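See structure below.
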Amino acid sequence: MTSADPSLPIRTQVRDAVAAAWRRAVARGALPDTPDGPVPAVEIERPAKAEHGDLASNLALKLARPLRRAPLDIARIIADEIAADAADRTPGAPIAGVDVAAPGFLNLRLSDQVLEATIARVLADPDGWGRVPPVNPRAVNVEFVSANPTGPLTIGNARGAFIGDLLSRVLEAGGQTVTREYYFNDRGGQIPNLGASVVAIRRGEPIPDDGYHGDYVVSLAADLPEDVWSEATAAGAEANQIVGQWAGMRVRAGIEASLEQLGVHFDVWTTEASLHEAGWVDRAVERLRAGGHVYEQDGALWFRSTAFGDDKDRVIIRSNGEPTYFAADIGYVTEKFSRGFDHLIYIWGADHHGTVARVRNAAEAMGYDREAVQMLLYAWVRFVRDGAEISMSKRAGEFVTLDELLEEVGVDAARWFFASRAATTEIDFDIELAKKQSAENPVYYVQYAHARIASILRKATDASLAPADAVEGSLSAGPEAALARAIVRFPEVVEDAATSEETHGVTAYATELATQFHAFYRDARVVDEAEPERSRARLALVAAARTTLANALGLLGISAPESM
RNA sequence: GCGCCCGUAGCUCAGUGGAUAGAGCGUCAGGUUGCGGACCUGAAGGUCGUGGGUUCGAGUCCCGCCGGGCGCGCCA
């Protein structure tokens, strides 16, 4: 007797049912209790082959060693319990049938009831479809992009921007509260450096070799307001700083506009200067000092990072009295935690991996849980045009901007590209190839399926056929079977994405769902005025497919068009 | 030199210790009296970089080697 909660993902219902069967087998003495040691978790997976059922469990294989019995024997005993449950026709029981296969797999078939109940849920609450019960509700701060305001965002910033946004969406889908945050390094020497380049152009002098050389610097010089310029010239040595401040603000506005183009919205913008002004950096340094985690040497103040496993100690106050960038990082950690976050995530390029340990070490030294400070490092993207690598240098003015990339490739295709690849894999992005193949891009395949369904539903309205509220009796066989099974899997995909903090499972799933829809479309006529009841049932299934496609694309920030 | 990441089909990439390693693109051969052909069906294509080890079972875990990327500042 198994009572399943229909609001849980089907895989979870099945897992509970298999676990219950195992417990019953133990209770009636058919299986011995597990001896001391780790108890195998009940794992439910989707078999690669359709003849292995809808879902499968390797539980018997896992139990073989601790129970010291043959996996096939264990599988048969558990299968008998599951089969008895199914034979009772317990209302809502998710499993309709079970087979045992060598070397000890339990192959499970879903019941019509669970399929019907799930499709009915999709139709009753389309917006809620795919939301999973929160596993680990937390308030999370996700900091990403955080490029210096010394030039426009380039394609080099693209991956971090998309990964940060996609990760945020996936965390939200998993029930967490996410704040998207951007950190501007507006202190240091790069702002005056940018100012120096603008000043040089304005004076008709050559730009310094280590200055910034892009066309955008020329534009900045041309747009420099007269009052800023006269203030700068009057200030003498401070001219670079004053012009740099203005240029930085100007560049920042452009960065914010580019990010809006990407569909990436930040909740909080923080500047390094504001952290210093509000005293966060000083207080953090004092906190480390009070804890005995710093020492002076060569006139500088060092954080004893080696005490937490780093390979060297790190300077936080230079011998000239200036705090380092790392000191601001430490202050920022305390400032973020003061806002009530349980968890801080940093999205960094792989070139920053050397700084991971020191920031987490400093957090631990200040009394925070280092596990609450997490860095997600993404691998570098090799941008290629016609097979030749595009080398980029913001200072030398050699780069392709993010805006140009979007103009060439399109935001949906670009989002799909990054969503379908794990963050840690090094990838090639051939811009010409992306353009050439844009018509063949899988994202359009998925969007086309959505548009096709929208067209069918319009057709149905014209024929005065409305989708049924539920689909009954036709899901175990025929063209409906594969499509229904693809639809109901969506919450599991969301759950896996939230758990793994990766999105490529979602793109793979969306592609497969689109494939199942296209196959259904081939085999089943949906709008047929001669068969109104069957039409209404098929319209309901197709509407559920459309909702699922739209929600999967929505999870990735990709549009679901009514027509293309 | 040390540390981290990566190596899977022609190309771009999935693969959470399980069954005959998958998808898209590309290539080849087919498909439309019908709701959108941006679609569908099929085929070819793999020593999972390499050599050991652990395991009932390894693309997956451990060790060595080869190849590629990145890092090793009182820069940011």
Side-chain angles (χ1 to χ4, degrees), chain A residues 43 45 47-49 51-52 56-58 61-62 64-65 70-71 101-105 107 146 148 150 185 187-190 193 272 297-302 311-312 314-326 328-329 349-357 377-380 382 417 420-430 433-434 436-449 451-460 462-463 465 496 499-500 502 504-505 507-508 511-512 514-515 517-519 521-529 535 538-539 542 563-564:
Chain A
E43 295 172 10
E45 61 189 15
K49 309 222 69 170
E51 57 259 39
H52 291 144
S57 178
N58 60 0
L61 292 160
K62 293 285 184 197
R65 175 180 301 276
F105 287 103
N107 291 332
S146 298
N148 291 358
T150 54
N185 310 134
R187 234 160 157 269
Q190 293 313 313
N193 195 7
E272 186 181 359
Q297 184 180 310
D298 304 328
L301 191 69
W302 298 69
D311 53 358
K312 55 184 74 169
R314 309 291 174 175
V315 171
I316 50 178
I317 308 284
R318 287 189 275 259
S319 52
N320 66 3
E322 278 292 306
T324 60
Y325 178 84
F326 174 48
D329 273 345
D351 55 334
H352 282 69
H353 76 252
T355 63
V356 170
L377 301 177
Y378 60 89
W380 212 240
R382 198 168 154 269
F417 180 88
S420 58
R421 285 146 175 86
T424 52
T425 35
E426 294 165 18
I427 52 180
D428 283 2
F429 193 120
D430 190 318
L433 210 59
K436 229 180 299 179
Q437 291 181 346
S438 66
E440 306 298 331
N441 193 307
V443 71
Y444 298 118
Y445 177 81
V446 175
Q447 289 180 321
Y448 179 69
R452 216 179 193 185
I453 295 173
S455 171
I456 291 173
L457 294 175
R458 286 192 296 268
K459 214 83 173 180
D462 293 345
L465 283 169
D496 289 346
T499 303
S500 65
E502 293 277 8
H504 51 258
T507 56
T511 305
E512 192 201 316
T515 297
F517 165 72
H518 287 307
Y521 177 87
R522 177 196 65 220
D523 295 333
R525 184 167 178 81
V526 179
V527 178
D528 185 352
E529 294 174 62
S535 286
R538 286 182 170 170
L539 282 167
V542 157
S563 63
M564 300 175 63

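Values reported hereafter were calculated over all heavy atoms of this structure, with side chains retained and with hydrogens, waters and symmetry mates removed. Here is the naming used below: chain letters follow the sequence lines, and residue numbers restart at 1 for every chain. Source: prediction; values computed, not measured.
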When we call it a touch if two heavy atoms are under 4.0 Å apart, what does [X] touch: a base, just sugar-phosphate, or nothing?
{"X": "A:Arg525", "answer": "base"}
{"X": "A:Thr507", "answer": "nothing"}
{"X": "A:Ala423", "answer": "nothing"}
{"X": "A:Ala64", "answer": "nothing"}
{"X": "A:Tyr445", "answer": "sugar-phosphate"}

Considering all heavy atoms of both residues, which atom of A:Gln190 and which atom of A:Asn148 are nearest to each other, and what is their separation?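 Heavy-atom minimum between the residues: CG-ND2, 4.5 Å.
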
With side chains defined as the heavy atoms from C-beta onward, is the minimum distance between [X] and [Y] less than 4.5 Å?
{"X": "A:Leu61", "Y": "A:Phe105", "answer": "yes"}
{"X": "A:Leu377", "Y": "A:Thr424", "answer": "no"}
{"X": "A:Thr324", "Y": "A:Ile317", "answer": "no"}
{"X": "A:Arg452", "Y": "A:Met564", "answer": "no"}

[X], nearest nucleotide to its side chain (from [options]):
{"X": "A:Tyr444", "options": "B:rC39, B:rC35, B:rA38", "result": "B:rA38"}
{"X": "A:His353", "options": "B:rC70, B:rC13, B:rC39", "result": "B:rC70"}
{"X": "A:Tyr448", "options": "B:rU55, B:rG24, B:rG36", "result": "B:rG36"}
{"X": "A:Thr425", "options": "B:rC35, B:rA38, B:rA14", "result": "B:rA14"}

Spacing between [X] atom [atom1] and [N] atom [atom2], to the nearest angstrom:
{"X": "A:Phe417", "N": "B:rG24", "atom1": "CZ", "atom2": "P", "result": "17 Å"}
{"X": "A:Arg65", "N": "B:rG57", "atom1": "CZ", "atom2": "C1'", "result": "10 Å"}
{"X": "A:Leu377", "N": "B:rG69", "atom1": "CG", "atom2": "P", "result": "19 Å"}
{"X": "A:His518", "N": "B:rU41", "atom1": "NE2", "atom2": "C1'", "result": "15 Å"}
{"X": "A:Arg421", "N": "B:rG7", "atom1": "CZ", "atom2": "P", "result": "14 Å"}

Considering heavy-atom distances to RNA chain B, does A:Ser420 or A:Ser455 have its closest nucleotide positioned more toward the 5' end?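 Closer to the 5' end of RNA chain B: A:Ser420.
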
Go nucleotide by nucleotide along RNA chain B from the 5' end; which of A:Pro442 and A:Ala454 gets its closest nucleotide reached first?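 Result of the comparison: A:Pro442.
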
Dot-bracket pairing map - RNA chain B, Watson-Crick plus G-U, both contacts under 3.5 Å, | cross-strand: (((((((..((((....[...)))).(((((.......))))).....(((((..]....))))))))))))....

Reading nucleotides 15-20 of chain B from the 5' end, what letters show protein touch, with B for base, S for backbone sugar-phosphate only, - for no heavy atom under 4.0 Å? SBSBBB

Using the C1' atom in both, what is the distance from B:rU60 to B:rA19, to the nearest Å?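 Approximately 16 Å lies between the C1' atom of B:rU60 and that of B:rA19.
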
If the P atom of B:rG26 is compared with that of B:rC11, how far apart are they to the nearest Å?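 Result for the P pair: 16 Å, nearest Å.
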
Would you say the side-chain atoms of A:Asn58 and A:Glu43 include a donor-acceptor pair closer than 3.5 Å?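 Indeed, the side chains of A:Asn58 and A:Glu43 share at least one donor-acceptor pair under 3.5 Å.
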
I want to check one thing: is the phosphate of B:rU41, taken as OP1 and OP2, less than 4.0 Å away from some side-chain N or O of A:Arg522?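 True: A:Arg522 side-chain N/O within range (under 4.0 Å) of B:rU41 OP1/OP2.
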
Can you find a side chain N or O atom of A:Tyr378 that sits less than 4.0 Å from OP1 or OP2 on B:rC70?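 Indeed not, no polar side-chain atom of A:Tyr378 lies that close.
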
If you restrict it to nitrogen or oxygen atoms, what contacts under 3.5 Å exist between nucleotides 73-76 of chain B and the protein, and what is each distance?
from   : atom 1 : to       : atom 2 : distance (Å)
B:rC74 : O2     : A:Ser319 : N      : 2.9
B:rC74 : O2     : A:Ser319 : OG     : 3.0
B:rC74 : N3     : A:Ser319 : OG     : 3.1
B:rC74 : N4     : A:Asp298 : O      : 2.8
B:rC75 : OP2    : A:Arg318 : NH1    : 3.2
B:rA76 : OP1    : A:Arg318 : NH1    : 3.4
B:rA76 : OP1    : A:Arg318 : NH2    : 3.1
B:rA76 : OP2    : A:Arg318 : NH1    : 3.2
B:rA76 : O2'    : A:Asn148 : ND2    : 2.9

Partner set under side-chain hydrogen bond (donor to acceptor under 3.5 Å, both in side chains) for A:Thr515, not counting sequence neighbours: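 Here the qualifying residues are A:Tyr445.
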
Side chain to side chain contact (heavy atoms under 4.5 Å, CB included) partners of A:Lys312, counting only residues at least two apart: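 Side chain to side chain contact (heavy atoms under 4.5 Å, CB included) list for A:Lys312, sorted by chain: A:Arg314.
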
Compute both the distance and the angle, then confirm whether A:Arg421 meets the cation-pi test with A:Phe417: under 6.0 Å from the six-membered ring centre, within 45 degrees of the axis.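 That pair qualifies as a cation-pi contact.
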
Take A:Tyr325 and A:Asn185 through the test side chain to side chain contact (heavy atoms under 4.5 Å, CB included) and record every step on the way to the result. CA-CA 9 Å; A:Tyr325 178 84; A:Asn185 310 134; 3.2 Å; yes

Report the residue from A:Val542, A:Ile456, A:Ile453 that forms a side chain to side chain contact (heavy atoms under 4.5 Å, CB included) with A:Tyr521.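 Answer after filtering A:Val542, A:Ile456, A:Ile453: A:Ile456.
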
For the side chain of A:Trp302 and the backbone of A:Gln297, is there at least one donor-acceptor N/O pair under 3.5 Å apart?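 Present.
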
Using the salt bridge (charged side-chain N to carboxylate O under 4.0 Å, His left out) criterion, which residues pair with A:Glu322? Sequence neighbours excluded.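 Partners of A:Glu322 by the salt bridge (charged side-chain N to carboxylate O under 4.0 Å, His left out) criterion, ordered by chain and then number, come out as A:Arg187.
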
